[in-house]
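A quick write-up on the structure given underneath.
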Amino acid sequence: MSPILTVFVLAAIASAVLLAVLIRLLPSHFLAAGINDRSNHTQPARQLGGLAIVPVVVALLWLFGARMGLDQRFLVTASIGALILWITGMLDDRHHLPESIRIIAQLTAACLCVYGLGPDFRLLPDFFPVLLERGLLVLALVYFINLTNFMDGLDLMVVSGMGIPLAFLAGFAAFGLAGVASGSIAAAIAGGLCGFALFNRPKATVFLGDSGSLPLGLLCGLAFFMVARDMRIATGLILPLFFIADATTTLIKRLLEGDNIFAAHSKHAYQIAKRAGWSVWHVVLTVAGLNIVLGICALAAGSTSIPLRLASIVVAIVCVSAVLMRFRRQTAA
């Protein structure tokens, strides 16, 4: 069995087992998700996913990381960054922390992890001086932390919306197209989400919670940064393009409408589709199908053929735009 596949399988099994243990041991009211007019769930559920997945992912990176190209500096900073967001997210799930504390924690974690990428890590050396690029990477990582949190609003959404792109990334690494280091991170998270899916399928009894979406967003962002370096920047952008596009267009729409962008809401395209009458399965399978197309486009974007790269980018943008517009029509499919 290849190391990438080994990490994926171990992550899936360990996450499922640990989550089952936590469900049995913790009180039923612990991290219970409230139901309100913004909720897309109507049955009791608990925000325990992150309590299981994040420790499993970090442990596997320490167990396999050194032999897969992750150096000590990266492992230490990524682990500390994930721990900061894991604790912050768990406290927020329980006590609803002020936004300022959340932002400070995210900036701290992002700065640590960008430092952990090492002095030689560059994505656009011909366009930006190193300090400016580092600052942009920190901002991009903070945004990625938040968009993962934003998009965690429906059963299996993170599994289909992020798990599939990460599985493609892991596959690229397994076949030597991307670095094994980025592939190991992707395989660990994708495997963890696979184990989590057993409990998050409709009607879900367990959600990720902020203790899951925040640190996983951090680690996902790092994996996509690394594949952007290993292959092409377009590859790193196309893989998570649905999450980026839905979160970004929703943010712009809310700004134009004068909304408080820090307030909770239910205006993402996938949420609009759900409230318009789409079943949860229809929404997540649509996203899953789109991400399979995006995975193929991301592979083509790494080609040496310029026409093929350009075509893959156009196809990716058109497909994502079509799905977002279909979701936002507010009519049942």
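Since we're looking at a predicted model, the values are computed, not measured.
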Centroid-centroid distance, W278 to F327, less than 6.0 Å: yes
What's the shortest heavy-atom distance between [X] and [Y], and which atoms?
{"X": "G116", "Y": "D71", "answer": "O-OD1, 4.5 Å"}
{"X": "C319", "Y": "V293", "answer": "SG-CG1, 4.0 Å"}
{"X": "S79", "Y": "V58", "answer": "OG-CG1, 3.6 Å"}
{"X": "I4", "Y": "S184", "answer": "CD1-N, 3.6 Å"}
{"X": "G302", "Y": "M231", "answer": "CA-CE, 4.4 Å"}
{"X": "V206", "Y": "G49", "answer": "CG1-N, 3.6 Å"}

T248 and Y143: side chain donor to acceptor below 3.5 Å: yes
Quick one: [atom1] on [X] to [atom2] on [Y], what's the gap to the nearest 0.5 Å?
{"X": "L324", "Y": "H268", "atom1": "CG", "atom2": "NE2", "result": "11.5 Å"}
{"X": "M162", "Y": "L147", "atom1": "CE", "atom2": "CG", "result": "6.0 Å"}
{"X": "L10", "Y": "L63", "atom1": "CG", "atom2": "CG", "result": "8.5 Å"}
{"X": "M151", "Y": "I244", "atom1": "CE", "atom2": "CD1", "result": "10.5 Å"}
{"X": "C113", "Y": "L222", "atom1": "SG", "atom2": "CG", "result": "5.0 Å"}
{"X": "L193", "Y": "F8", "atom1": "CG", "atom2": "CZ", "result": "9.0 Å"}

Sequence neighbours excluded, every pair satisfying side-chain hydrogen bond (donor to acceptor under 3.5 Å, both in side chains) that has a member inside residues 307-323: none
Would you say the side-chain atoms of [X] pair up with the backbone N or O of [Y], donor to acceptor, closer than 3.5 Å?
{"X": "D93", "Y": "G209", "value": "no"}
{"X": "N149", "Y": "L214", "value": "no"}
{"X": "E133", "Y": "L124", "value": "yes"}
{"X": "R134", "Y": "P129", "value": "no"}
{"X": "D246", "Y": "A269", "value": "yes"}
{"X": "S15", "Y": "A12", "value": "no"}
{"X": "N146", "Y": "V142", "value": "yes"}
{"X": "R122", "Y": "F128", "value": "yes"}

Flag side-chain contact, heavy atom, 4.5 Å: [X] against [Y]:
{"X": "P165", "Y": "F242", "result": "no"}
{"X": "I103", "Y": "L107", "result": "yes"}
{"X": "L251", "Y": "F150", "result": "no"}
{"X": "V315", "Y": "L294", "result": "no"}
{"X": "V283", "Y": "M157", "result": "yes"}
{"X": "V323", "Y": "R326", "result": "no"}
{"X": "F64", "Y": "T6", "result": "yes"}
{"X": "P3", "Y": "M68", "result": "yes"}

F196/L19 under side chain to side chain contact (heavy atoms under 4.5 Å, CB included): CA gap, chis, key distance, verdict: CA-CA 8 Å; F196 167 68; L19 194 47; 4.0 Å; yes
Stepwise side chain to side chain contact (heavy atoms under 4.5 Å, CB included) test for T235 and F172: CA-CA 11 Å; T235 300; F172 296 163; 4.2 Å; yes
More than 12 heavy atoms of other groups within 6.0 Å of [X] [atom1]:
{"X": "L131", "atom1": "CG", "result": "no"}
{"X": "R201", "atom1": "CZ", "result": "no"}
{"X": "L256", "atom1": "CG", "result": "yes"}

Salt bridge (charged side-chain N to carboxylate O under 4.0 Å, His left out) partners for R102, two or more places apart: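 Applying salt bridge (charged side-chain N to carboxylate O under 4.0 Å, His left out) to R102 gives D92, E99, D210.
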Qualifying residue for side-chain contact (heavy atoms from CB on, under 4.5 Å) with L216, from V54, D152, L166, V158: V54
Sole residue of I189, V7, I185 in side-chain contact (heavy atoms from CB on, under 4.5 Å) with L61: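 By the side-chain contact (heavy atoms from CB on, under 4.5 Å) criterion, L61 pairs with just one of I189, V7, I185: I185.
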Audit row: L48, F207, side chain to side chain contact (heavy atoms under 4.5 Å, CB included) steps and yes/no: CA-CA 6 Å; L48 301 178; F207 297 155; over 6 Å; no
Same cluster (ILVMFWY, side-chain, under 4.5 Å), [X] and [Y]:
{"X": "L83", "Y": "M90", "answer": "yes"}
{"X": "Y115", "Y": "L218", "answer": "no"}
{"X": "I292", "Y": "V318", "answer": "no"}
{"X": "I317", "Y": "L299", "answer": "yes"}
{"X": "I87", "Y": "L26", "answer": "yes"}

F224 and F144 aromatic ring geometry - parallel, tilted or perpendicular at 30°/60° bounds: tilted
Whether F225 and F121 hold their rings parallel, tilted or perpendicular, with breakpoints at 30° and 60°: tilted
Residue pair L141, L137: steps toward the side chain to side chain contact (heavy atoms under 4.5 Å, CB included) verdict: CA-CA 6 Å; L141 201 48; L137 286 176; over 6 Å; no
Salt-bridge criterion met for D155 and K274 (N-O under 4.0 Å): no
Sole candidate of Q271, K267, R328 that passes side-chain hydrogen bond (donor to acceptor under 3.5 Å, both in side chains) when paired with T250: R328
